[in-house]
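Inspection log for the structure reproduced underneath, given as structure tokens.
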Amino acid sequence: MASRFNALKADAAWQKVWEENRTFAARNDSSLPRAYVLEMFPYPSGRIHMGHVRNYTMGDVLARYKRMTGHEVLHPMGWDAFGMPAENAAMEKGVAPGGWTRDNIATMKAQLKRLGFALDWTRELATCEPDYYGHEQALFLDLYAAGLVYRKESAVNWDPVDMTVLANEQVIDGRGWRSGALVEKRKLSQWFLKITQFADELLEGLKSLDHWPDKVKLMQENWIGKSSGLTFRFALTNGSDEIEVFSTRPDTIFGASFVAVAADHPIAQAHAADNVEALAFIERCKQGGTTAAEIETQEKLGYDTGLKAIHPLDASIELPVYIANFVLMDYGSGAVMGVPAHDQRDLDFARKYGLDVRRVVAEGDKTDPVFDGDEAYTGSGALVNSAFLDGMPVEEAKRAVIARAEAEGWGHGSTVYRLRDWGVSRQRYWGTPIPIVHCDACGPVPVPKSELPVELPHDVTFDVPGNPLDRHPTWKHVDCPSCGKPARRETDTLDTFVDSSWYFIRFASQPDDKPFDREAAEKWLPVGQYIGGVEHAILHLLYARFWTRALKHIGMLDIDEPFAGLFTQGMVTHETYKAADGRWLGPAEVENGVEIATGQPVEIGRVEKMSKSKKNTVDPEPIVDQYGADAVRWFMLSDSPPERDLPWSEAGIEGSWRFVQRLWRLFDGLEDAEGEDKALDRKLHQTIAGVAEDIEALSFNKAVAKLYELVAAIEKAAPSASRTNATRALMRLVSPMVPHVAEEAWAAAGHDGLVANAPWPAVDPALLVEDEVTIAIQVNGKLRDTLTLPKGTDRAATEAAALASDKVVRLLDGKAPKKVIVVPDRLVNLVA
RNA sequence: GCGGACGUGGCGAAAUCGGUAGACGCAGCGGACUUAAAAUCCGCUUGCCCCAGGCAGUGCGGGUUCGAGUCCCGCCGUCCGCACCA
């Protein structure tokens with residue numbers, strides 16, 4: 001008789017069965033078609049949050065569905081385990097970063113297991129373990145040997161109190177986010193990876209990624225920022241120097257009225273060497289803020305060096321050379337030609353300093369060389385006031401100038417990217433040690449691979465600021481691998497984005513003696529479906545794409561793109577609550593719009609991403625305790641489309657729990673019966689096909705809606721063989737989403753084996769089509785009636801049926817319609 | 001500023017190619033069962049009106065079409081990314 005589904009008991013029992021049977025361990029030697037389903041691995045911050053639950057539930061449904069449809073599925077999990085929070089914990093709580101991280105991993109792994117994810121835990125990895133990062137060091141050395149790694153002086157954000165380098169995101173209003181100290185620009189020797197060498201490949205490769213969101217591809221395209229134009233040189237009247245500039249508008253070269261160089265451009269530096277005013281100006285440029293708002297409001301400032309540049313196409317034209325605060329040293333060549341008439345920024349600058357503004361592109365019928373107004377003309381048109389270019393359209397003129405520059409040898413067509421090389425040095429302890437030894441005699445020397453991994457020391461202290469590796473008494477003192485003399489280890493560690501740039505390859509195979517087995521990696525890769533947050537749209541995904549291409553470049557792996565399919569899921573959100581005195585309150589502190597502790601009304605704020613600072617988080621674990629894993633999983637898949645935000649609600653999770661119980665009542669009441677129920681057969685097969693389609697499109701909310709409909713239809717149906725069959729099929733249909741109740745029901749119904757191993761129900765195509773259709777009858781485009789006709793009724797019969805409708809007869813009032821549109825099996829529109 | 005996405009009931013949403021707008025869920029209302037409650041089941045639930053019917057309705061204003069949530073033009077709003085990029 002109808003019992004309750006005891007989720008707590010069933011969850012644990014089935015999770016144990018899956019684990020003991022190694023149900024979800026992927027076989028590398030399988031002959032089945034492969035499916036690699038991967039969710040972005042978590043940072044072990046302490047506890048699983050709702051965002052993880054949503055992310056991993058989506059991947060899990062897909063992974064389980066793929067297994068049911070005959071695929072060998074690789075669905076692994078690991079830990080992105082290096083990073084700052086572990087060091088912060090060490091500083092604040094005096095715990096060891098390694099111990100803290102491993103404790104967190106243990107906690108979070110147990111939490112993930114309670115959700116019943118079909119993960120291959122035999123392939124679990126943590127990037128903070130030497131058996132992972134040692135191989136990473138080997139790969140780093142391979143890239144180094146191939147010339148893809150180099151070292152250069154680079155400006156960094158230096159926090160003088162914490163004695164550390166800060167990432168741009170860690171600098172808030174010019175101050176360190178933690179110390180509050182004014183951040184300095186400091187030049188440090190840093191390790192770089194030559195991602196720019198692959199800029200064009202990474203850009204072109206985007207075109208092959210048909211299963212990526214356009215949004216992400218566009219973001220990467222903009223990030224790479226390819227521009228083509230002309231790189232050319234201005235000679236100076238002093239005869240000694242030259243200035244190289246890059247322009248995307250070489251066509252406007254006759255409109256140039258000044259040349260501007262960056263504050264740290266060699267010309268500016270040389271000029272300032274014996275000029276106090278110039279030096280002061282350069283200092284002033286450096287003080288400018290770098291936040292978006294500051295840049296927007298910052299005045300365009302220039303300093304006239306008195307130098308004159310000679311126009312390459314007309315030696316009689318001399319252009320003043322300015323040092324300008326808006327010219328960036330690290331883009332192009334750090335110098336620009338200013339064409340005020342056709343560039344807004346140049347125009348603002350020219351007006352401010354009273355420079356010529358010469359029109360060289362006709363704007364409609366305006367061809368006057370004197371350009372009026374304060375809005376630069378950037379549109380198309382024919383060249384004017386430009387000697388041999390006159391009359392040419394913009395694009396043709398660009399080509400003509402480039403051709404002339406190349407013929408005369410003062411410039412060449414070139415492509416410039418916004419993308420910079422990837423600085424991977426971090427002056428931190430909790431990261432992968434860079435496997436290099438610095439020797440006074442030999443310079444930087446790679447650590448021999450036989451000596452890898454270079455392990456992090458455990459006896460480090462965090463009681464004083466700075467890099468613990470650097471101040472460790474012995475760790476950095478080693479002999480040079482090349483000459484044997486005393487030398488120093490590199491004490492920088494690698495950016496954690498390096499760790500996540502190849503973990504998906506390591507999942508495919510995990511040999512002890514090398515980073516990966518090439519054959520196994522090439523069998524599994526690329527990842528078929530990668531799922532994660534959109535916040536990784538640029539950095540992680542670009543770095544992983546670069547790393548994969550770099551491995552191909554050095555002949556280690558023949559894969560172009562690591563992720564064939566990408567899906568970026570929305571966040572889990574919740575209302576925010578604020579007490580009258582401005583304190584944020586957590587959902588547990590509020591009931592019926594009143595703060596429980598004080599009885600005071602609270603202000604209910606907007607629905608936002610769950611965040612600790614606004615206290616609107618809901619911890620998944622107690623929810624799993626209360627409702628069971630299936631209800632939580634079902635909630636994560638219901639209602640909101642997966643790419644959109646999902647508002648968490650207590651009512652919603654209760655609804656999901658009720659549905660799990662409703663399923664169980666249906667399964668528990670399974671009985672054998674006789675007779676056919678054609679309508680239910682149809683509904684079942686439409687659902688099988690529809691849910692499959694929805695899961696493959698990751699439209700889980702639609703699959704959920706279809707399953708609700710099927711459940712309602714089975715409940716309503718009278719006992720029949722069809723109903724029994726549909727109920728058994730339903731167990732399989734819901735099993736990717738709510739696997740525990742499905743296994744429980746599957747076993748109770750006397751099936752052999754696990755529902756996790758059962759095949760997806762087969763579809764009978766004959767049952768997908770209805771034999772009757774409802775036809776809409778419109779008069780003048782407005783719905784007036786509907787009628788049911790056999791599917792496939794021809795036009796004439798459909799029209800006749802429509803004209804016979806009582807309502808139509810009344811509305812037409814005896815008149816014949818002027819026009820009749822018949823769409824068979826859909827509608828009839830009578831135009832009166 | 002540049003680039004992009006989105007805008008549908010009280011709420012989350014659906015509507016595959018231009019063809020019955022609001023499937024499905026949540027919340028709400030009414031009823032059945034019950035001593036009662038919970039659970040469950042049944043029904044209603046876009047708005048308005050002269051309520052067996054009708055009118056309006058997918059951010060706003062136009063347009064194309066027999067027919068527009070869907071296509072086109074112009075606005076408004078929200079969100080996201082980039083940002084002195086030459």
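Chain identifiers are assigned alphabetically (A, B, ...) following the order of the sequence lines, protein sequences preceding nucleic acid strands; residue numbering begins at 1 within each chain.
Going from the C1' atom of B:U46 to that of B:G22 covers 8 Å, rounded to whole Å. Taking atom P in both B:G59 and B:C66, one finds a spacing of 24 Å when rounded to whole Å. Taking atom C1' on both B:A38 and B:U70, the two are 46 Å apart, rounded to the nearest angstrom. Nucleotides B:U78 and B:G18 are separated by 27 Å at their C1' atoms, to the nearest Å. Using C1' as the reference atom, B:C84 and B:C73 are 34 Å apart when rounded to the nearest Å. Comparing B:U20 with B:G74, their P atoms are spaced 29 Å from each other, to the whole Å. Distance noted for atom C1' between B:G69 and B:A52: 31 Å (whole Å). If you take atom P in B:A36 and the same atom in B:C51, they sit 39 Å apart, rounded to whole Å.
In summary, the side chains of A:T196 and A:D421 do present a donor paired with an acceptor at a separation below 3.5 Å, with no hydrogens or angles considered. No donor-acceptor contact under 3.5 angstrom links the side chains of A:Q569 and A:R644, judged on distance only. A:N325 and A:Y303 share no donor-acceptor pair across their side chains, judged by distance under 3.5 Å alone.
Note: A:F258 CZ to A:L319 CG = 9.5 Å, rounded to the nearest 0.5 Å.
With sequence neighbours left out, the ring pair (Phe, Tyr, Trp, His ring centres under 6.0 Å) criterion links A:F659 to A:W634, A:Y708. Every residue two or more places apart in sequence or in another chain was checked for a side chain to side chain donor-acceptor pair (under 3.5 Å) with A:T793, and none qualifies. With sequence neighbours left out, A:W212 forms a ring pair (Phe, Tyr, Trp, His ring centres under 6.0 Å) with no residue at all. A search for ring pair (Phe, Tyr, Trp, His ring centres under 6.0 Å) contacts involving A:F232 returns A:F234, A:W410, not counting sequence neighbours. Contacts of A:L8 classified as side-chain contact (heavy atoms from CB on, under 4.5 Å), with partners at least two apart in sequence or in another chain: A:N6, A:R114.
In the region residues 329-336 of chain A, proximity to RNA chain B at under 4.0 angstrom, judged on heavy atoms, holds for A:Y331, A:V336. Against RNA chain B, the stretch residues 699-719 of chain A makes heavy-atom approaches under 4.0 Å through A:N701, A:K702, A:A705, A:Y708, A:E709.
A centroid separation of less than 6.0 Å is found between the aromatic rings of A:F349 and A:Y322.
The separation between A:L783 atom CG and B:G54 atom P is 10 Å, rounded to whole Å. Rounded to whole angstrom, the span from the CZ atom of A:R284 across to the P atom of B:C84 amounts to 19 Å. Taking atom CD of residue A:E799 and atom P of nucleotide B:C66, one finds them 17 Å apart after rounding to whole Å. Atom CG in A:N829 sits roughly 13 Å away from atom C1' in B:A68 (whole-Å rounding). Spacing between atom CG of A:L542 and atom P of B:C82 amounts to 13 Å, rounded to whole angstrom units. In this entry the distance linking CZ of A:R826 with P of B:G67 reads 18 Å, nearest Å. The separation between A:L666 atom CG and B:A39 atom P is 20 Å, rounded to whole Å. We find that CG of A:L230 is positioned 12 Å from C1' of B:A86, with the value rounded to whole Å.
In this structure, A:S640 contributes its side chain and A:D645 its backbone to a donor-acceptor pair below 3.5 Å.
Glycosidic torsion of B:C73 falls outside 90° of 0, placing the base in anti. Its glycosidic angle being within 90° of 0, B:C51 falls on the syn side. Base orientation at B:G63 is anti, since its O4'-C1' glycosidic dihedral falls outside 90° of 0.
Across B:U20, B:C26, B:A13, the shortest atom-to-atom separation from the side chain of A:S640 is found for B:A13. Across B:A83, B:U20, B:A56, the shortest atom-to-atom separation from the side chain of A:W223 is found for B:A83. Relative to the side chain of A:E693, the nucleotides B:C66, B:U16, B:A13 differ in distance, and B:U16 lies closest. Side-chain atoms of A:R662 lie closest to B:G25 of the nucleotides B:G25, B:U20, B:G4. The side chain of A:L827 lies closest to B:G19, out of B:G19, B:A86, B:A56. You'll find that the side chain of A:F326 is closest to B:C84, out of B:C84, B:G54, B:G19.
Using a 4.0 Å heavy-atom criterion, one finds that A:S638 contacts no nucleic acid atom at all. At a threshold of 4.0 angstrom between heavy atoms, the contacts of A:V245 with the nucleic acid are absent.
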Dump the intermediate steps for side-chain contact (heavy atoms from CB on, under 4.5 Å) on A:D639 and A:N701, then the final yes or no. CA-CA 5 Å; A:D639 294 350; A:N701 57 320; 5.8 Å; no

All N/O pairs under 3.5 Å across the protein-nucleotides 78-81 of chain B interface:
none

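Side-chain contact between A:D794 and A:P824 is absent, with no heavy-atom pair separated by less than 4.5 Å.
Taking the six-membered ring for Trp and thresholds of 30 and 60 degrees, A:F497 and A:H540 have nearly parallel ring planes, at less than 30 degrees apart.
Look at A:R644 and you'll find a side-chain N or O under 4.0 angstrom from OP1 or OP2 of B:A13. For the OP1/OP2 pair of B:G3 and a distance below 4.0 Å, the side-chain nitrogens and oxygens of A:R418 include no atom meeting the criterion. Taking only side-chain nitrogens and oxygens, A:S649 never comes nearer than 4.0 Å to OP1 or OP2 of B:A27.
Note on residues 772-791 of chain A: pairs passing side-chain hydrogen bond (donor to acceptor under 3.5 Å, both in side chains), not counting sequence neighbours, are A:D785-A:S805. Sorted by first and then second residue, the pairs that involve residues 249-263 of chain A and meet side-chain hydrogen bond (donor to acceptor under 3.5 Å, both in side chains), not counting sequence neighbours, are A:R249-A:D251.
Along RNA chain B, the nucleotide closest to A:R345 and the one closest to A:S656 are compared, and the more 5′ of them pairs with A:S656.
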Compile the donor-acceptor pairs under 3.5 Å between side chains in residues 326-345 of chain A and protein atoms, sequence neighbours left out, one pair per line.
| unit_1 | atom_1 | unit_2 | atom_2 | d |
| --- | --- | --- | --- | --- |
| A:D330 | OD2 | A:R420 | NH1 | 3.1 |
| A:Y331 | OH | A:S227 | OG | 3.3 |
| A:S333 | OG | A:E244 | O | 2.6 |
| A:H342 | ND1 | A:Y377 | O | 2.8 |
| A:H342 | NE2 | A:V360 | N | 3.0 |
| A:H342 | NE2 | A:V361 | N | 3.2 |
| A:D343 | OD1 | A:R345 | N | 3.0 |
| A:D343 | OD1 | A:D346 | N | 3.0 |
| A:Q344 | OE1 | A:A376 | N | 2.9 |
| A:Q344 | NE2 | A:D348 | OD1 | 3.1 |
| A:Q344 | NE2 | A:D374 | O | 2.9 |

Which dot-bracket string fits RNA chain B when only Watson-Crick or G-U wobble pairs with both atom distances under 3.5 Å count, crossing pairs get [ ], and | stands for a partner on a different strand? (((((((..(((......[....))).(((((.......))))).((((...))))..(((((..]....))))))))))))....

